[in-house]
Amino acid sequence: MADVLYVVIPCYNEEEVLPETSKRLKEKLVSLIEKNKISDMSRIAFVNDGSKDKTWELIKELHSEDKIFSGINLSKNRGHQNALLAGLMTVMEKADMVISMDADLQDDINAIDEMVDKYYAGCDVVYGVRSSRKKDTFFKRFTAEFFYKIMTKMGAKTVFNHADYRLLSKRALEGLAGFKEVNLFLRGMVPMVGYKSDVVYYERGERFAGESKYPLSKMLSFAVEGVTSLSVKPIRYITGLGFFIFLMSIAILIYSVVRFFMGATVQGWTTLMVSIWAIGGIIMISLGVVGEYVGKVYMETKARPRFIIEEFIDE
Ligand code: UDP
Ligand code: MG
């Protein structure tokens, strides 16, 4: 008997793409079932992340027409990462393997075959990696690649050009369930689970319809989230910076003393002003970074639920 596959898809205001996404995914799963690669208990699970449009109605409709579609309705909008985790944790008991992907068909669904093959070959984690970003706008590509570089520098280990298109086996999911943090950055957490992993390359297409749910502001906060949830290197950099500035001030002190004995008059109003502002700025940035971590600690100690499920339809 072949293993059960669940495809988990977080959806936020995706009524424009759902009809096409569901159609293509169904074809894909049906063909895999026919080839006896996956069990006929396999499902496509849409997670409705508090959409304001007809997304949930559409999901319910799909489910009533065909039991291959399941639906998970969150009590409110919690963001992509939380919605994805909600989906993964909900289907965990029923599935042997789970593939997560976006609703907008940017992730090539033909990579699913290869992911499943690698699962049977003994991989617990299979990362979908973009072979190129040709179809992305220059801005998106530039900011995204810059983001990965900074992340690596800051000590957050991730798989380059991998987003959230991946296969996880049941035991990898059970491993992931052990990570209790509320500040979620899944693509950084999954490598920490370990187990045998592999990558599958695919070409990332354009969004099928509708617009990106990740504007620049969300991307920036996602980047900060990524770095601070995985590493404390920024704090260490600040300590280094503090030492550097302290040494600089000693050098300036020596310089001023020498100038004094040489009989130079009071000068340097400019340097004074500049250094006050520069140091003030650095202190504020540093406080901000430290504050970021303090905020994280605060949120973690509260241990609020990462998602609340209103309804799970699955037969
Ligand atoms: N998404 C979500 N909750 C949100 C924002 C986005 O579940 O608050 C989902 C969205 O429906 C999509 C996926 O996350 O399936 C990725 O979003 P999008 O395609 O807009 O991001 P981009 O590809 O532009 O980075
Ligand atoms: Mg997209």
Side-chain angles (χ1 to χ4, degrees), residues 6-25 44-59 62 69-91 98-109 111-112 128-130 132-148 151 158 160-166 182-187 202-226 306-311:
Y6 266 71
V7 180
V8 170
I9 304 165
C11 306
Y12 177 58
N13 296 344
E14 299 285 13
E15 62 180 8
E16 285 167 283
V17 302
L18 269 185
E20 184 68 20
T21 306
S22 54
K23 194 179 118 221
R24 290 206 211 162
L25 269 173
I44 300 158
F46 292 108
V47 184
N48 175 39
D49 186 17
S51 301
K52 294 189 189 74
D53 64 4
K54 296 248 179 309
T55 300
W56 181 241
E57 282 71 29
L58 270 173
I59 296 171
L62 285 167
F69 297 111
S70 303
I72 296 158
N73 195 22
L74 299 192
S75 61
K76 69 188 280 288
N77 177 256
R78 292 302 309 270
H80 177 210
Q81 298 289 296
N82 294 64
L84 181 50
L85 187 76
L88 295 177
M89 294 301 120
T90 309
V91 305
V98 177
I99 291 177
S100 52
M101 63 184 289
D102 290 352
D104 56 8
L105 293 172
Q106 280 191 288
D107 303 323
D108 179 12
I109 61 170
I112 291 179
V129 173
R130 254 162 274 188
S132 79
R133 282 180 174 270
K134 266 183 277 169
K135 299 252 175 66
D136 274 350
T137 61
F138 172 76
F139 181 73
K140 179 91 192 182
R141 189 168 66 214
F142 179 78
T143 47
E145 274 172 11
F146 184 69
F147 165 66
Y148 282 109
M151 293 274 299
T158 51
F160 189 70
N161 265 341
H162 158 71
D164 284 301
Y165 187 25
R166 72 175 83 81
V182 298
N183 295 286
L184 292 178
F185 190 66
L186 288 169
R187 67 191 74 166
Y202 72 97
E203 214 157 306
R204 188 154 165 103
E206 270 166 87
R207 187 172 240 286
F208 171 73
E211 53 196 35
S212 174
K213 308 307 186 268
Y214 264 102
L216 183 64
S217 58
K218 264 198 197 172
M219 247 161 64
L220 282 177
S221 70
F222 190 52
V224 172
E225 190 74 30
R306 297 177 287 184
F307 49 81
I308 294 171
I309 290 165
E310 193 178 317
E311 202 178 349

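In listed order, ligands and their atoms are each counted from 1.
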Q: When you measure from atom 19 (O) of ligand 1 to every protein heavy atom, which one gives the shortest distance, and what is it?
A: Asp104 OD2, 2.6 Å

Q: Determine whether a donor-acceptor pair (N or O, by modelled atom type, separation under 3.5 Å) exists between the side chain of Thr55 and the backbone of Glu14.
A: yes

Q: Which residue and atom name correspond to the protein heavy atom nearest atom 17 (O) of ligand 1, and how close is it?
A: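 In this structure, atom 17 (O) of ligand 1 has Tyr214 CD1, 3.9 Å as its nearest protein heavy atom.
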
Q: Can you check whether Ala86's main-chain N or O pairs, donor with acceptor, with Arg306's side chain at less than 3.5 Å?
A: no

Q: Please list, in number order, the atoms of ligand 1 under 4.0 Å from a heavy atom of Ala103.
A: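 What qualifies from ligand 1 is 15 (O).
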
Q: Nearest to atom 6 (C) of ligand 1, what protein heavy atom do you find, and at what distance?
A: Lys213 CB, 3.6 Å

Q: What do you reckon, does Ala83 have a nitrogen or oxygen under 3.5 Å from a nitrogen or oxygen of ligand 1?
A: no

Q: Starting from atom 8 (O) of ligand 1, find the nearest protein heavy-atom neighbour and note its residue, name and distance.
A: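 That would be Asn77 ND2, 3.3 Å.
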
Q: Nearest non-hydrogen contact with atom 14 (O) of ligand 1 belongs to which option: Glu14, Met101, His80?
A: His80

Q: So, Asp104 side chain and Gln106 main chain: donor-acceptor pair closer than 3.5 Å or not?
A: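 At least one qualifying donor-acceptor pair exists.
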
Q: Can you check whether Val47 reaches Phe307 side chain to side chain, under 4.5 Å on heavy atoms?
A: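 Side-chain contact under 4.5 Å: no.
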
Q: Name whichever N, O or S atom of Asp104 ends up nearest to the Mg ion (ligand 2).
A: OD2

Q: What protein heavy atom lies closest to atom 1 (N) of ligand 1? Include the residue and the distance to one decimal.
A: Tyr12 CB, 3.8 Å

Q: How far is atom 23 (O) of ligand 1 from its nearest protein heavy atom, and which residue and atom is that?
A: Gln106 OE1, 2.7 Å

Q: Mark yes or no for whether Asp107, through its side chain, and Asp102, through its backbone, hold a donor-acceptor pair below 3.5 Å.
A: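 Yes; judged by distance alone, with no hydrogens or angles, the pair exists.
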
Q: Give me the residue, atom name and distance of the protein heavy atom closest to atom 24 (O) of ligand 1.
A: Ser212 OG, 2.5 Å

Q: Please identify each residue that fulfils ring-ring contact (aromatic ring centres under 6.0 Å, His included) with Tyr6, with sequence neighbours left out.
A: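 In terms of ring-ring contact (aromatic ring centres under 6.0 Å, His included), with neighbours along the sequence ignored, Tyr6 is linked to no residue.
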
Q: Closer than 3.5 angstrom, by distance alone: can the side chain of Asp108 be matched with the main-chain N or O of Glu203 as a donor-acceptor pair?
A: no

Q: What atoms of ligand 1 come closer than 4.0 angstrom to any heavy atom of Pro10?
A: 7 (O), 9 (C), 10 (C), 11 (O), 12 (C), 15 (O)

Q: So, does Glu15 use its side chain to make a donor-acceptor pair with the main chain of Lys54 at under 3.5 Å?
A: yes

Q: What residue and heavy atom of the protein are closest to atom 25 (O) of ligand 1, and at what distance?
A: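 Nearest neighbour among protein heavy atoms for atom 25 (O) of ligand 1, to 0.1 Å: Lys140 NZ, 3.1 Å.
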
Q: Counting only N and O atoms by type, is there a donor-acceptor contact under 3.5 Å from the side chain of Asn13 to the main-chain atoms of Ser51?
A: no

